[in-house]
Q: 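Okay, here's the structure, questions in a sec.
As the structure is a computational prediction, the values presented were derived from the model and not from experiment.
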Amino acid sequence: EQAIRAVEQAPDTDVAALAEKERSWQALLASQAYEEQKLVADAWCAAFLWPKDRPGPVADAAPTTAVWRSLRDQEGQPPSVLVETTKKIAEQYALFHWDLAFPQVFARGGFDVVLGNPPWEHLELKEQEFFAEREPSIANAQNAAARKKLIAAVRTSNPELWRAYQDAKRMIDGETHFARASGRYPLCAKGRINTYALFAEHNWRLLNPHGRAGFIVPTGIATDDTTKEYFSTLAQHKRLVSVYDFENRKPYFRDVDARYRFCLFTIGVGSERAELVFFVHDVD
């Protein structure tokens, strides 16, 4: 944290100073201290994503609580298979640790403002999309049953494609398992998980006690059963500021059904009364 603060406070008033600041930042990211902290954070996440389905050295090296604590407390040299697999998983899943990236922000309790338009995608492998370019005949199958038969045949007819399909399935399973089991999303990792709900909960966790977050999400964030705990918790803690619900009649998003509803959702330090508007067709 002190090293990052020093880099932040360094002057950047001319090109030479800015170049020096960049070199200092890259040196910090390459430092042993930073690498050690990143490995600890990566290993914690990797415990939920670890490939345990195939017996062997990799499965045996999966970080248990005791192993992770030993790594955190720097008790001896960690096994190379643990380090290598953790780094591979971190790259594969693009793990990002907010407290490492912005320690100076979290030292102050979090962000003042968070703005976003998160992805609206279910955490599931869409077979038609996966095979659309790889094997169009599967994507264009008459129905789901026919598609399943064609996919099963790929195991022998195209082993390379089969492996890619299994890897894609396993990655989605890992993401889903992390969302449900890690404790990172206790309010929104319910039912058929949608990424927008995870981002909505994440945005709240990023804020300092006086911060606000505004983002565009489906109106289901306020009305669906899977997000009711999130919405009610915000209301109970007076963190709900406003919900402006739109129908896409204009349309605002041309590739989305005109009947689809989305909302401008604002949370943070609210008040006794949140501002709620539904079935709006125009900003005015």
Side-chain angles (χ1 to χ4, degrees), residues 48-55 58-59 88-89 91-95 116-182 185 187-202 215-230 245-263 265 278-279 281:
F48 300 93
L49 307 168
W50 206 268
K52 310 181 189 77
D53 49 338
R54 298 174 188 172
V58 172
K88 182 178 179 181
I89 290 172
E91 182 177 354
Q92 180 184 8
Y93 285 88
L95 298 182
N117 179 13
W120 309 352
E121 295 286 345
H122 284 105
L123 281 183
E124 58 190 24
L125 181 63
K126 296 178 175 61
E127 294 172 344
Q128 285 181 287
E129 292 181 10
F130 179 84
F131 288 104
E133 293 185 3
R134 297 174 176 87
E135 188 56 66
S137 62
I138 296 178
N140 298 326
Q142 291 183 342
N143 50 53
R147 188 176 303 112
K148 293 291 185 186
K149 289 182 179 180
L150 292 172
I151 292 173
V154 169
R155 184 168 191 168
T156 52
S157 64
N158 192 337
E160 185 176 346
L161 179 58
W162 176 258
R163 281 193 298 273
Y165 174 62
Q166 293 301 312
D167 288 344
K169 279 182 63 179
R170 202 202 171 285
M171 189 162 184
I172 289 292
D173 289 343
E175 292 173 349
T176 302
H177 180 64
F178 179 86
R180 295 190 194 281
S182 68
Y185 307 99
L187 301 177
C188 290
K190 314 282 186 181
R192 191 181 176 209
I193 300 174
N194 196 303
T195 51
Y196 83 77
L198 301 185
F199 273 93
E201 184 166 357
H202 172 66
F215 40 97
I216 304 174
V217 290
T219 304
I221 194 69
T223 59
D224 287 355
D225 185 64
T226 53
T227 52
K228 65 183 180 184
E229 288 186 42
Y230 173 73
D245 162 55
F246 288 80
E247 280 191 310
N248 194 40
R249 297 288 183 183
K250 204 167 187 75
Y252 286 99
F253 301 105
R254 297 189 179 280
D255 295 330
V256 178
D257 191 302
R259 297 166 296 178
Y260 200 84
R261 292 169 61 196
F262 65 92
C263 68
F265 201 79
F278 291 90
F279 293 101
H281 292 171

Q: What distance do K228 atom NZ and K190 atom NZ have between them, rounded to the nearest 0.5 Å?
A: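 So the gap between those two atoms works out to 9.5 Å.
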
Q: Please state whether the rings of W120 and F253 are parallel, tilted or perpendicular, taking 30° and 60° as the class boundaries.
A: perpendicular

Q: Apply the test side-chain contact (heavy atoms from CB on, under 4.5 Å) to residues I151 and Y165: give CA-CA distance (whole Å), side-chain angles for both, the deciding distance (0.1 Å), then the verdict.
A: CA-CA 9 Å; I151 292 173; Y165 174 62; 3.5 Å; yes

Q: How long is the gap from NE2 on H281 to CG on D245, to the nearest 0.5 Å?
A: 9.0 Å

Q: Keeping Y230 on the side-chain end and A200 on the backbone end, is there a donor-acceptor pair under 3.5 Å?
A: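 Yes, Y230 side chain to A200 backbone: donor-acceptor pair under 3.5 Å.
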
Q: Would you say W162 and Q166 make side-chain contact, with heavy atoms under 4.5 Å?
A: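 Yes; the side chains approach each other to less than 4.5 Å.
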
Q: Are R259 and R249 close enough that some pair of their side-chain heavy atoms sits under 4.5 Å apart?
A: yes

Q: Looking at every non-hydrogen atom in both residues, tell me the closest pair between P159 and T156 and how far apart they are.
A: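 Reported closest heavy-atom pair: CD-O, 3.9 Å.
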
Q: Report yes if some heavy atom in the side chain of R261 is under 4.5 Å from a heavy atom in the side chain of F278; otherwise report no.
A: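 R261 reaches F278 side chain to side chain.
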
Q: Taking all non-hydrogen atoms of both residues, which atom of W50 and which atom of V58 are closest, and how far apart?
A: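 Heavy-atom minimum between the residues: NE1-O, 2.6 Å.
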
Q: Locate the shortest heavy-atom distance separating L123 from T195; write the atom from each residue and the value.
A: CD2-CG2, 4.0 Å

Q: Taking all non-hydrogen atoms of both residues into account, name the closest pair between Q92 and M171 and its distance.
A: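 Heavy atoms of Q92 and M171 come nearest at O-CE, 2.9 Å.
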
Q: What do you reckon, are the aromatic ring centroids of F178 and Y93 less than 6.0 Å apart?
A: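 No, ring centres 6.0 Å or more apart.
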
Q: Taking the basic N atoms (NZ, or NE/NH1/NH2) and the acidic carboxylate oxygens, is any pair closer than 4.0 Å for R170 and D167?
A: no

Q: Should the ring pair F265 and F215 be called parallel, tilted or perpendicular, given that the plane angle runs from 0 to 90° and is split at 30 and 60?
A: tilted

Q: Could you give me the CA-CA distance, side-chain angles and deciding distance for T226 and C188, then say whether side-chain contact (heavy atoms from CB on, under 4.5 Å) is met?
A: CA-CA 7 Å; T226 53; C188 290; over 6 Å; no

Q: A side-chain contact here means heavy atoms from C-beta on lying under 4.5 Å apart; do T219 and Y260 qualify?
A: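 No, every pair of side-chain atoms sits at 4.5 Å or beyond.
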
Q: Please evaluate residues I193 and R180 with respect to the criterion side-chain contact (heavy atoms from CB on, under 4.5 Å), reporting the C-alpha separation (whole Å), side-chain torsions for both, the decisive distance (0.1 Å), and the verdict.
A: CA-CA 9 Å; I193 300 174; R180 295 190 194 281; 3.7 Å; yes

Q: With the side chain counted from C-beta on, respond yes when F130 and I138 share a heavy-atom pair under 4.5 Å apart, and no when they do not.
A: no

Q: So, taking the atom named CD1 in I172 and the one named NZ in K126, what distance separates them when rounded to the nearest 0.5 Å?
A: 7.5 Å

Q: Just wondering, do L95 and L49 contact through their side chains at under 4.5 Å, heavy atoms?
A: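 Heavy-atom side-chain distance check passes, below 4.5 Å.
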
Q: Hey, could you give me the CD/CZ distance between E247 and F262, rounded to the nearest 0.5 Å?
A: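 Reported to 0.5 Å precision, the distance equals 10.0 Å.
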
Q: About how many Å separate CD of E129 and CZ of R134, when rounded to the nearest 0.5 Å?
A: 10.5 Å

Q: If I compare all heavy atoms of L150 with all of A141, which pair ends up nearest, and what's the gap?
A: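 Scanning both residues completely, I find the closest heavy atoms to be CD1-CB, 4.0 Å.
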
Q: To check you understand the geometry: which heavy-atom pair defines the closest contact between L198 and A179, and what is its length?
A: CD1-CB, 4.1 Å

Q: With rounding to the nearest 0.5 angstrom, report the CZ to CG distance, R163 to N158.
A: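 These two atoms lie 9.0 Å from each other.
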
Q: Students often mix this up, so state it plainly: with edges at 30° and 60°, are the rings of H202 and F199 parallel, tilted or perpendicular?
A: perpendicular

Q: Got a sec: does the NZ of K52 have more than 12 other heavy atoms crowding it under 6.0 Å?
A: yes

Q: I'd like to check K148 versus E127 (side-chain heavy atoms, cut-off strictly below 4.5 Å). Are they in contact?
A: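 Yes, side chains in contact.
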
